[in-house]
Amino acid sequence: MQIDILSLFPEMFAGPLHTSMIGNAVENGKINVDVTNFRDFTTDKHNHVDDYPYGGGAGMLLQPQPIFDALAAVQAKHPQPGRVILLDPAGVQFDQHVAEDFAKEDHLTFICGHYEGYDERIRSLVTDEVSLGDYVLTGGELGAMVMIDATVRLIPGVLGNAESAPGDSFSSGLLEYPQYTRPADFRGMKVPDVLLSGDHGKVDDWRLEQALKRTYERRPDLLKELALSGKARQMLADIKADQQGYPE
């Protein structure tokens with residue numbers, strides 16, 4: 001996968017994209033990451049990339065020219081431009097499903113905003129407008145890092161264990177079940193007996209029940225549109241019966 005990032009602060013990506021899992025993916029050729037400073041493309045003699053909004057208002061807006069020209073330069077290097085993602089608080093909220101969708105692509109380009117916002121004409125360049133959540137950051141760089149991390153780990157061969165990503169919270173629509181490692185008894189806190197039983201069927205049932213329980217207690221909204229198996233529906237009914245005080 002080719003990942004391009006348009007940013008006024010390319011130095012922010014120097015560490016995070018070359019360490020840990022992302023760094024390994026780069027080293028192993030699973031992804032290639034290029035960061036372009038779109039200030040380099042401004043035609044303003046003072047090197048400005050922003051200006052006051054027409055009609056008045058607070059803050060400064062990113063001008064279209066530097067981003068149009070920077071994106072054109074990026075796309076000239078790649079015959080298939082792929083998805084162009086604008087980091088914007090008004091966009092679709094990023095979640096695991098969006099990450100899974102992005103992971104299917106061969107080329108992603110992230111445009112990281114700054115200042116008060118974008119000139120509206122910049123939106124004509126993009127295929128997706130995506131927000132990290134219902135809050136405002138000083139720029140799109142941190143949001144892009146989060147989205148890249150969540151996406152790249154889903155590319156086959158990036159994680160050491162092929163089963164890791166499908167078992168993550170949200171991949172199944174449920175929060176992840178509790179997990180334990182050695183020792184079996186730590187300061188009186190013991191690993192559930194079922195996990196030590198060696199009975200894989202019982203372990204799977206316990207994990208499903210615990211995932212349902214955790215989701216019901218912490219994120220009941222996730223259950224509303226989830227298609228559950230008959231077994232899962234019965235487990236959830238039993239959980240609700242046991243915990244009358246939790247929200248529907």
Side-chain angles (χ1 to χ4, degrees), residues 1-10 12-13 16-17 21-22 25-26 29-43 49-50 53 61-158 165 168 170-171 173 225:
M1 175 186 283
Q2 171 66 34
I3 297 175
D4 279 285
I5 304 162
L6 273 58
S7 168
L8 289 174
F9 302 97
M12 289 183 66
F13 296 92
L17 297 186
M21 178 201 68
I22 303 293
V26 172
K30 297 294 182 181
I31 63 170
N32 182 67
V33 181
D34 291 321
V35 186
T36 299
N37 188 340
F38 57 84
R39 190 183 298 277
D40 294 340
F41 291 83
T42 183
T43 57
V49 295
D50 61 327
L61 297 179
L62 288 173
Q63 297 171 297
Q65 178 273 316
I67 292 179
F68 267 71
D69 288 358
L71 184 61
V74 166
Q75 293 183 337
K77 301 177 185 177
H78 306 288
Q80 300 297 327
R83 305 274 280 272
V84 179
I85 301 145
L86 188 72
L87 278 294
D88 184 61
V92 172
Q93 187 160 318
F94 184 78
D95 60 15
Q96 189 70 12
H97 297 299
V98 177
E100 290 168 358
D101 192 31
F102 285 171
K104 299 173 185 175
E105 301 292 330
D106 294 325
H107 187 190
L108 299 175
T109 300
F110 294 86
I111 301 177
C112 302
H114 221 72
Y115 308 119
E116 178 64 20
Y118 305 95
D119 182 292
E120 187 68 16
R121 291 164 289 190
I122 292 170
R123 299 184 194 278
S124 68
L125 297 172
V126 309
T127 59
D128 302 85
E129 298 179 31
V130 187
S131 168
L132 199 58
D134 293 336
Y135 48 90
V136 179
L137 300 174
T138 55
E141 286 78 12
L142 293 175
M145 290 181 206
V146 170
M147 294 179 195
I148 291 168
D149 189 287
T151 298
V152 169
R153 67 192 311 279
L154 298 174
I155 297 173
V158 170
D168 287 339
F170 305 113
S171 290
E225 298 181 1

Taking only residues two or more places apart in sequence, or in another chain, which ones meet D95 in a salt bridge (Lys or Arg N to Asp or Glu O under 4.0 Å)? none

Can you name the closest pair of heavy atoms from T151 and F94 and give their distance? OG1-CZ, 4.3 Å

In a table with atom names and distances, give each donor-acceptor pair under 3.5 Å that connects a side chain of residues 86-93 to protein atoms at least two apart or in another chain.
unit_1, atom_1, unit_2, atom_2, d
D88, OD2, A90, N, 3.1
D88, OD2, R123, NH1, 3.3

Parallel, tilted or perpendicular for F110 and F102, by the 30°/60° rule? perpendicular

With heavy-atom distances below 4.5 Å as the criterion, would you say the side chains of N37 and L8 are in contact? yes

Does any non-hydrogen side-chain atom of V84 lie less than 4.5 Å from one of Q75? yes

Could you measure the distance from the CD1 atom of I85 to the CD atom of E129? Nearest 0.5 Å is fine. 11.5 Å

In Å, rounded to the nearest 0.5 Å, how long is the span from CD of Q2 to NE2 of H78? 4.0 Å

Would you be so kind as to tabulate the donor-acceptor pairs closer than 3.5 Å made by side chains of residues 134-150, with sequence neighbours excluded?
unit_1, atom_1, unit_2, atom_2, d
E141, OE2, S7, OG, 2.7

Looking only at heavy atoms, what is the nearest atom pair of V49 and T42, with distance? CG1-CB, 4.1 Å

Side-chain polar contacts of residues 61-69 - donor-acceptor pairs under 3.5 angstrom, sequence neighbours left out - could you list them?
unit_1, atom_1, unit_2, atom_2, d
Q63, OE1, D50, N, 3.4
Q65, OE1, T43, N, 3.1
Q65, OE1, T43, OG1, 3.3
Q65, NE2, F41, O, 2.8
Q65, NE2, D69, OD2, 2.8

Looking at CD1 of I5 and CG of L108, how far apart are the two atoms once the value is rounded to the nearest 0.5 Å? 10.0 Å

How many angstroms lie between CD1 in I22 and NZ in K30, if you round to the nearest 0.5 Å? 13.5 Å

Supply the atom-to-atom distance E100 CD to Q96 CD, rounded to the nearest 0.5 angstrom. 5.0 Å

Which pair of heavy atoms, one from C112 and one from Y118, lies closest together, and at what distance? C-OH, 3.9 Å

If you round to the nearest 0.5 Å, how far is CD1 of I31 from CG of D106? 13.5 Å

By salt bridge (Lys or Arg N to Asp or Glu O under 4.0 Å), R83 pairs with (sequence neighbours left out) D101, E105, D128

At their closest point, which heavy atom of I155 faces which heavy atom of A103, and how far apart are they? CG1-O, 4.4 Å

